[in-house]
Amino acid sequence: MPIGDPCGGNFCYTDEGLPESIFMAAVPCKDIGRALSFYNGLLGMDILYRKEKEAAVRRNGATLLLRISDAAGTDTGIFLGVENPYELHRRLVDEGVVFVKEPHRAPLGVFTSFLDLDGNIIHAIEMEATLKV
C-alpha cells in the first residue's frame, strides 16, 4: 500500500512529487570571503546571504551554496548554463582564471571547465545545447 493511499484503494502515480530541477548545488571552499570574491566578483552572482561558514549566491536560475569544507579542490560536477562558453572563456582568461578544459563541442553541446580560487573544477555549458545523437 502506497503511503499516500491510507485506504489501500487503487492508486495511480502521476508526475507529482518527482524532481523538476536542481534547486541548489554546494561548493566546498576554504574561505567564504575569497569564494565570494570569485562567485560574486568574477561570475556576477548575487549574494543571497553570508554567514561565518557558508554563503549562498545566485544568478538567474543557478544557486550555489558555498560551504567551508576540507573537501575544497575537487571536481564539483557542477555545469553552469551560459549563453556562450567561448565568451565566458575569453572573459575569465582576461581575469587570470585557470582553465582545465578549453571550450569544445561534446555530445550535449559546447562546454568548458575552469578552477575557482579553491581549486574546485566548475564546468560551464551552453544553455541552448541540444542532444546530438
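In this chain, residues are counted from 1 in sequence order.
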Which residues pass the ring pair (Phe, Tyr, Trp, His ring centres under 6.0 Å) test with Phe99, not counting sequence neighbours? His89, Phe114
Going only through I, L, V, M, F, W and Y residues with side-chain contacts under 4.5 Å, is there a path from [X] to [Y]?
X	Y	answer
Val97	Val93	yes
Leu48	Leu36	no
Leu65	Ile68	no
Val98	Ile122	no
Val57	Ile22	no

Pair listing, ring-ring contact (aromatic ring centres under 6.0 Å, His included) test, anchored in residues 24-60, at least two apart: none
Filter on ring-ring contact (aromatic ring centres under 6.0 Å, His included), then keep only pairs touching residues 61-84, sequence neighbours left out; what's left? Phe79-Phe111, Phe79-His123
So salt bridge (Lys or Arg N to Asp or Glu O under 4.0 Å) across residues 78-95, not counting sequence neighbours, yields Glu87-Arg90, Arg90-Asp94
Cys29 backbone acceptor or donor facing Ser69 side chain under 3.5 Å: no
Polar side-chain atom of Asn120 near backbone of Pro28 as donor-acceptor pair, under 3.5 Å: yes
With [X], which residues qualify under side chain to side chain contact (heavy atoms under 4.5 Å, CB included), at least two apart?
X	value
Ile78	Ala25, Val27, Leu64, Thr76, Leu80
Arg59	Met45
Val100	Ser113, Leu115, Ile121
Asp46	none

Quick one: closest heavy-atom pair of [X] and [Y], and the distance?
X	Y	result
Ala26	Arg67	CB-NH2, 4.1 Å
Ala124	Leu88	CB-CD2, 3.4 Å
Ala35	Leu66	CB-CD1, 4.0 Å

Arg50: what forms a side chain to side chain donor-acceptor pair (under 3.5 Å) with it, not counting sequence neighbours? none
Hits for side chain to side chain donor-acceptor pair (under 3.5 Å) against Asp118, two or more places apart or cross-chain, chain-then-number order -> none
The reported gap from CZ in Arg58 to OG1 in Thr63 (rounded to nearest 0.5 angstrom) is 3.5 Å
Got a second to check how far Glu54's CD is from Ile32's CD1, nearest 0.5 Å? 7.5 Å
Scan residues 25-37 for pairs that pass side chain to side chain donor-acceptor pair (under 3.5 Å), counting only residues two or more places apart or in two chains. none
A side-chain contact here means heavy atoms from C-beta on lying under 4.5 Å apart; do Asn84 and Val110 qualify? no
